[in-house]
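Written below as structure tokens is the structure these notes are about.
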Amino acid sequence: MSGPVATDDAAPVPGTPDEAEGPVVDIAPGRVTQVGSLPVRRVLPQRPRRTVGSWCFADHVGPVPAEPGGAFGIGPHPHLGLQTVTWLVAGELLHLDSLGSEQLIRPGQLNLMTAGHGVAHAEEDPARSEEIHAVQLWVAQPAATRNGPPAFEHHAELPRLELDGGEATVLVGGFGGLDSPARRDTEHMGVELTLRGPGTEVPLRTDYEHALVVLQGRVTVDGAPVEPGVLAYLGLGRDQCRFEVDAPARALLLGGVPFPEPIIMWWNFVGRSREELSEARRQWSDDDGRFGHVRSTLDRIEVGRPPWE
């Protein structure tokens, strides 16, 4: 799941001395945009915050009723310089990519695709679900791997940690002494928290910045209520954080060492210069083979020239 990213600016580099933030609760509303046939809440990137660690994109889809016949789908489209991390709360999706991967994903499972120099994929609705509720995340790849080969991996089982008043599922990275088997190219982590309440304290790394994306319910952090549709940035320097709920809730906790490289995001690309992104768009439009081909029943997605051309 992905759609046009409404920015072509170089992202600021969080964590540099002039922008470093200690523990905070900075709540910023996302914006509603359209991805395929579904409205989504886009909570990252935002102005001025473009990244949390190396996490650079977060779309929260649903929950919405599924329509008969598999109305939801994203046709073949390209990526470069990023990893897609797909997580479902409800429903099913079929991942197809130009590597030949064909993988059904269900709630509690993880799909991670590494774009590197270039890959294309599609996501189809197998029309067997009553509801769709999902999150699509992107991770910016560092200079060391962003021009490398594409790859895809699926993890049917992930580490789970019992907490006082909740449970954590480790999607990516390490948390509470457990490590996800998913690939990561930078120091970052992603955890789904299932919170039963009334309060749950979780361990954090002080060299990570963190943010919370609530998927269901309401979570209170340092006295501030956080609900779906916003990004709650928690800053740097925390060794723990307490999350309080009045009723069961689910949320994603994202974190990582502040990303050290300026990035430019446009459409489905994460690069370092406008020229790089312009050339990638041209190669996709010309279908010159860089991104490969996806065997999908859905139409290939095109885009016009970027605003700087």
Salt bridge or not between [X] and [Y]? Use side-chain N to carboxylate O under 4.0 Å.
X      : Y      : answer
Arg218 : Asp246 : yes
Arg205 : Asp207 : yes
Glu162 : Arg196 : yes
Arg300 : Glu302 : yes
Arg295 : Asp97  : no
Arg160 : Glu157 : no

> Quick one: do the Gln136 and Asp59 side chains pair a donor with an acceptor below 3.5 Å?
Replying inline: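 The criterion, which ignores hydrogens and geometry beyond distance, is not satisfied for Asp59 and Gln136.
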>> Does either side chain, that of Ser278 or that of Trp266, offer a donor lying less than 3.5 Å from an acceptor on the other one?
In response: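 There is no such pair (donor and acceptor under 3.5 Å, judged by atom type) between the side chains of Ser278 and Trp266.
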Report the residue from [options] that forms a side-chain contact (heavy atoms from CB on, under 4.5 Å) with [X].
X      : options                      : result
Thr169 : Leu161, Leu158, Leu110       : Leu158
Leu193 : Val245, Leu253, Leu215       : Leu253
Leu93  : Ile74, Ile132, Asn111, Leu88 : Leu88

I'd like to know if the side chain of [X] reaches the main chain of [Y], judged simply by a donor and an acceptor atom lying under 3.5 Å from each other, with no hydrogens or angles considered.
X      : Y      : result
Arg50  : Gln46  : yes
Arg184 : His188 : yes
Ser98  : Ala120 : yes

> Any side-chain heavy atom of Leu104 sitting closer than 4.5 Å to one from Glu92?
Replying inline: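 Touching, per the 4.5 Å side-chain cut-off.
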> Do the two ring centres, one from His77 and one from Phe291, sit under 6.0 Å apart?
Replying inline: no
>> Check for me whether the distance between the ring centres of Trp138 and His79 falls short of 6.0 Å.
In response: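 Close enough - the centres of the two rings lie under 6.0 Å apart.
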> Are there more than 12 heavy atoms of other residues, nucleotides or ligands under 6.0 Å from atom CG of Asp164?
Replying inline: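 No, the 6.0 Å shell around CG holds no more than 12 heavy atoms from other groups.
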>> Are more than 12 heavy atoms, taken from residues, nucleotides or ligands other than Asp299, located less than 6.0 Å from that residue's CG atom?
In response: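 12 or below, so no.
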> Should Tyr233 and His210 be marked as a ring-ring contact (aromatic ring centres under 6.0 Å, His included) after you check the CA-CA gap, both sets of side-chain angles, and the distance that decides it?
Replying inline: CA-CA 6 Å; Tyr233 180 70; His210 294 89; 9.2 Å; no
>> Does anything in residues 140-153 form a side-chain hydrogen bond (donor to acceptor under 3.5 Å, both in side chains)? List the pairs, not counting sequence neighbours.
In response: Gln141-Thr145, Gln141-Asp185, Thr145-Asp185, Arg146-Glu276, Glu153-His155
> What do the steps show when you test His133 against His60 for ring-ring contact (aromatic ring centres under 6.0 Å, His included), and what is the final call?
Replying inline: CA-CA 8 Å; His133 190 184; His60 181 192; 4.9 Å; yes
